[in-house]
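What follows is a short report on a single structure.
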Amino acid sequence: MKYSGPVRFFLSIFILICYSFSSMAQQKGEEFQLIKKYAKQLELPADETNYMISNAYKDQSSGLTYIYIQQQYKGIKVFNQIITTAFKESKLLYNSGSFIKNIEAKAGPSFPVVDALTAVNKTAAHLQLANPSGLQVVGDMMNLEKKVILNSGNIARQNIFANLYWVPVDDGATVHLSWNINIELKDKADWWNVRIDALTGNILGQDNWTVN
């Protein structure tokens with residue numbers, strides 16, 4: 001399915017929102033105090049730096065407050081490890097999802113050996129695309145958001161995002177430091193997320209956001 005111009009615009013905004021956060025500000029809010037109250041029931045790590053609130057909002061019609069808790073380790077988010085909660089009048093009514101247990105023993109080095117440029121080139125080869133041309137970093141946000149922004153490299157419709165994640169492998173038996181490469185293809189109606197091991201360059205997984 002091909003997206004129209006307005007749809008592409010709003011999808012782009014959605015990506016920016018999803019990839020942007022300020023954990024320090026969020027963790028000082030009342031939502032963070034609320035999840036701390038139920039930390040044992042939610043099986044949250046004892047180390048509060050190992051999770052953050054990725055999103056929170058209140059549904060005015062139901063009075064429910066929804067809080068989404070993202071697992072992280074050494075300031076790097078863990079791919080797809082989110083606990084969803086629903087509160088009403090400060091009482092936990094619902095929760096789903098879980099975190100990787102004992103991540104400290106499963107995660108390796110937290111500094112990538114493979115850089116973002118190399119990861120994008122490996123992604124292009126994996127997807128059988130043309131070699132990127134003029135590919136370069138246009139935004140380095142590693143210190144705060146563990147993210148690098150690259151230009152289109154003549155293979156994408158817009159800038160390419162490379163986000164550093166911990167990726168669980170073998171049902172969470174091990175956790176690999178990886179680049180998640182977000183790329184909307186220039187000549188095809190596909191929008192890929194490809195995960196590249198940031199230490200070895202191996203392909204760990206992929207998802208296509210395009211609905212056919």
Between [X] and [Y], which heavy-atom pair has the shortest distance, and what is it?
X: Ser54; Y: Gln70; answer: CB-CB, 4.0 Å
X: Leu177; Y: Pro109; answer: CD2-O, 3.5 Å
X: Pro132; Y: Ile155; answer: CG-CD1, 3.8 Å
X: Leu199; Y: Pro112; answer: CD2-CA, 4.5 Å
X: Ala119; Y: Ile181; answer: CB-CD1, 3.9 Å
X: Trp179; Y: Ala162; answer: CZ3-O, 3.6 Å

Quick check for you: to the nearest 0.5 Å, what is the distance between [X] atom [atom1] and [Y] atom [atom2]?
X: Leu150; Y: Ile160; atom1: CG; atom2: CD1; result: 6.5 Å
X: Asn95; Y: Thr84; atom1: CG; atom2: OG1; result: 9.0 Å
X: Leu42; Y: Ser96; atom1: CG; atom2: OG; result: 10.5 Å
X: Ile149; Y: Asn159; atom1: CD1; atom2: CG; result: 6.5 Å
X: Leu44; Y: Ile35; atom1: CG; atom2: CD1; result: 6.0 Å
X: Asn180; Y: Lys147; atom1: CG; atom2: NZ; result: 12.0 Å

How would you list, by chain and number, every residue that makes a ring pair (Phe, Tyr, Trp, His ring centres under 6.0 Å) with Tyr68, sequence neighbours excluded?
->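 Once residues adjacent in sequence are excluded, Tyr68 has no partner under the ring pair (Phe, Tyr, Trp, His ring centres under 6.0 Å) criterion.
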
Check step by step if side chain to side chain contact (heavy atoms under 4.5 Å, CB included) holds for Ile196 and Ile203.
-> CA-CA 5 Å; Ile196 307 288; Ile203 306 294; 3.0 Å; yes

Among all residues two or more places apart in sequence or in another chain, which pass the side-chain hydrogen bond (donor to acceptor under 3.5 Å, both in side chains) test with [X]?
X: Asn151; result: none
X: Thr174; result: His176
X: Asp47; result: Thr49
X: Asn80; result: none

Going by the side chain to side chain donor-acceptor pair (under 3.5 Å) test, which pairs reach into residues 106-124, not counting sequence neighbours?
->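 Every side chain to side chain donor-acceptor pair (under 3.5 Å) pair that includes a residue of residues 106-124, provided the two are not neighbours, is Asp115-Thr118.
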
Contact list for residues 128-140, test side chain to side chain donor-acceptor pair (under 3.5 Å), sequence neighbours left out =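 Matches after skipping sequence neighbours: none remain.
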
Given 3.5 Å as the limit, does a donor-acceptor pair link the side chain of [X] with the main chain of [Y], or not?
X: Trp166; Y: Tyr73; answer: yes
X: Thr210; Y: Trp191; answer: yes
X: Gln71; Y: Ile100; answer: yes
X: Asp170; Y: Ala173; answer: no

Is the shortest heavy-atom distance from the side chain of Val194 to the side chain of Ile183 under 4.5 Å?
->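 They are not in side-chain contact.
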
Any Ser152 side-chain heavy atom under 4.5 Å of Lys186 side chain =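 They are not in contact (no side-chain heavy atoms under 4.5 Å apart), so the answer is no.
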
With sequence neighbours left out, which residue pairs that include part of residues 78-102 fulfil the ring-ring contact (aromatic ring centres under 6.0 Å, His included) condition?
->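 Every ring-ring contact (aromatic ring centres under 6.0 Å, His included) pair that includes a residue of residues 78-102, provided the two are not neighbours, is Tyr38-Phe87, Phe79-Tyr165.
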
Quick one: list whatever passes side-chain contact (heavy atoms from CB on, under 4.5 Å) with Leu64, sequence neighbours left out.
->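 With sequence neighbours excluded, Leu64 shows a side-chain contact (heavy atoms from CB on, under 4.5 Å) to Ser62, Tyr66, Lys88, Leu93, given in chain and number order.
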
What residues, two or more places apart in sequence or in another chain, satisfy salt bridge (charged side-chain N to carboxylate O under 4.0 Å, His left out) together with [X]?
X: Glu43; answer: Lys101
X: Lys36; answer: Glu48
X: Asp207; answer: Arg195

Could you walk me through whether Leu34 and Thr85 pass side chain to side chain contact (heavy atoms under 4.5 Å, CB included), step by step?
-> CA-CA 11 Å; Leu34 192 56; Thr85 63; over 6 Å; no

What about Val148 and Val114, same hydrophobic cluster or not, with Ile/Leu/Val/Met/Phe/Trp/Tyr joined at side-chain heavy-atom distances under 4.5 Å?
->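 Result: no, two separate clusters.
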
Under 4.5 Å between side-chain heavy atoms, hopping through other hydrophobics if needed: is there a path connecting Tyr57 to Leu92?
->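 No, Tyr57 does not connect to Leu92 through the hydrophobic network.
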
Let me see the working for Asn163 and Asn182 under side chain to side chain contact (heavy atoms under 4.5 Å, CB included), right down to the final yes or no.
-> CA-CA 8 Å; Asn163 284 72; Asn182 178 274; 5.8 Å; no

Run the numbers on Leu117 and Leu135 for side chain to side chain contact (heavy atoms under 4.5 Å, CB included), then give the verdict.
-> CA-CA 7 Å; Leu117 280 165; Leu135 186 67; 3.7 Å; yes

